Amino acid sequence: QVQLVESGGGLVQAGGSLRLSCAASGRTFSSYARAWFRQAPGKEREFVGAIIWNGGFTYYADSVKGRFTISRDNAKNTVYLQMNSLKPEDSAVYYCAASPRGGINGLRYDYWGQGTQVTVSS
């Protein structure tokens, strides 16, 4: 059974940092793009950032550019999201996803985790 499991969420004050992890099991995703999306209450899911299969290229939503960094460790089948300078508007459930195609559209992603809550207090 293929699973993506996020961890590392929690409550943090504005200006603080969190590091999310997404560990995959059941198959290897070393040839897949990996991405993070988020969804706040009452809002649509939005793209946060993605990393290509070998980690050689990353791309981000404008709202997080310069503050968030995606990395991956294919040996561990894991992707990370380092979030710095957090703002209250970053509060959401964060989901990791995997796709052989990549991109910013969630419909292009075939595998999803269950999500981890990030709450940023002002």
Side-chain angles (χ1 to χ4, degrees):
Q1 181 180 0
V2 177
Q3 283 189 309
L4 300 180
V5 179
E6 301 96 338
S7 61
L11 174 64
V12 64
Q13 289 189 331
S17 298
L18 281 175
R19 188 192 193 208
L20 305 184
S21 299
C22 174
S25 61
R27 66 158 295 155
T28 180
F29 288 100
S30 58
S31 64
Y32 276 51
R34 306 284 295 271
W36 290 92
F37 291 79
R38 66 186 182 186
Q39 187 168 22
K43 295 188 177 181
E44 293 187 353
R45 182 181 64 196
E46 66 173 351
F47 172 78
V48 174
I51 186 168
I52 66 170
W53 69 277
N54 64 356
F57 185 73
T58 56
Y59 44 106
Y60 302 91
D62 287 343
S63 58
V64 307
K65 202 172 294 183
R67 300 187 298 122
F68 290 11
T69 302
I70 294 176
S71 60
R72 65 190 295 162
D73 185 338
N74 284 342
K76 296 182 178 179
N77 222 9
T78 299
V79 65
Y80 306 95
L81 181 66
Q82 177 67 44
M83 304 185 295
N84 299 328
S85 301
L86 282 161
K87 305 175 181 179
E89 52 264 41
D90 294 318
S91 297
V93 177
Y94 283 71
Y95 299 90
C96 67
S99 166
R101 296 169 296 275
I104 65 172
N105 188 330
L107 295 176
R108 296 171 64 87
Y109 288 80
D110 303 309
Y111 299 94
W112 291 84
Q114 292 300 306
T116 185
Q117 177 70 49
V118 171
T119 303
V120 184
S121 63
S122 58

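Note that the coordinates shown come from a computational prediction; the quantities given were computed from them, not determined experimentally.
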Tell me the closest heavy-atom pair linking Q39 and R45, and the distance in Å. NE2-N, 3.7 Å
Derivation and outcome, side chain to side chain contact (heavy atoms under 4.5 Å, CB included), residues M83 and D90: CA-CA 9 Å; M83 304 185 295; D90 294 318; over 6 Å; no
Can you measure from CG (L20) to CZ (F68) and round to the nearest 0.5 angstrom? 8.0 Å
Residue pair A40 / S91: nearest heavy atoms and the distance that separates them: CB-O, 3.7 Å
Can you tell if the side chain of Y80 reaches within under 4.5 Å of the side chain of D73, non-hydrogen atoms only? yes
To the nearest 0.5 Å, atom CG of L81 lies from atom OG of S71 at 8.5 Å
Roughly how far apart are L4 CG and Q114 CD, rounded to 0.5 Å? 9.5 Å
Which atom of I70 lies closest to which atom of G49, heavy atoms considered: CD1-C, 3.0 Å
State which residue, out of W53, Y111, Y109, fulfils the ring-ring contact (aromatic ring centres under 6.0 Å, His included) condition with F29. Y111
Are there more than 12 heavy atoms of other residues, nucleotides or ligands under 6.0 Å from atom CD of E89? yes
Should F37 and I104 count as side-chain neighbours, where that means a heavy-atom distance under 4.5 Å? no
Scanning both residues in full, the closest heavy-atom pair of S17 with S85 reads OG-N, 4.4 Å
Short side-chain to backbone donor-acceptor contact, E6 and G115, under 3.5 Å: yes
With a cut-off of 6.0 Å (strictly less than), are more than 12 heavy atoms of other residues, nucleotides or ligands near CH2 of W112? yes
CZ of R67 to CG of L86: how many Å apart, nearest 0.5 Å? 6.5 Å
Test side chain to side chain contact (heavy atoms under 4.5 Å, CB included) on V118 and R38; report intermediate values, then the result. CA-CA 9 Å; V118 171; R38 66 186 182 186; over 6 Å; no
Would you call the rings of F47 and Y59 parallel, tilted or perpendicular, where under 30° means parallel and over 60° means perpendicular? parallel
Rounded to the nearest 0.5 Å, how far does OG of S122 lie from CD of Q13? 9.5 Å
Using a distance-only test with no angle check, is there a side-chain donor-acceptor pair under 3.5 angstrom linking S99 and D110? no
Nearest heavy-atom pair of T78 and K76: which atoms, and what distance? OG1-O, 2.8 Å
Any Y95 side-chain heavy atom under 4.5 Å of V48 side chain: no
With side chain to side chain contact (heavy atoms under 4.5 Å, CB included) as the test, would you mind laying out the steps for N77 and R34 before giving the verdict? CA-CA 10 Å; N77 222 9; R34 306 284 295 271; 4.3 Å; yes
Distance-only, no hydrogens or angles: does the R72 side chain make a donor-acceptor pair with backbone N or O of A33 under 3.5 Å? no
Is a side-chain donor or acceptor of S30 paired with a backbone partner of T28 at a separation under 3.5 angstrom? no
May I ask you to decide if V2's main-chain N or O and R27's side chain share a donor-acceptor pair within less than 3.5 Å? no
Atom NZ of K65: over 12 foreign heavy atoms under 6.0 Å: yes
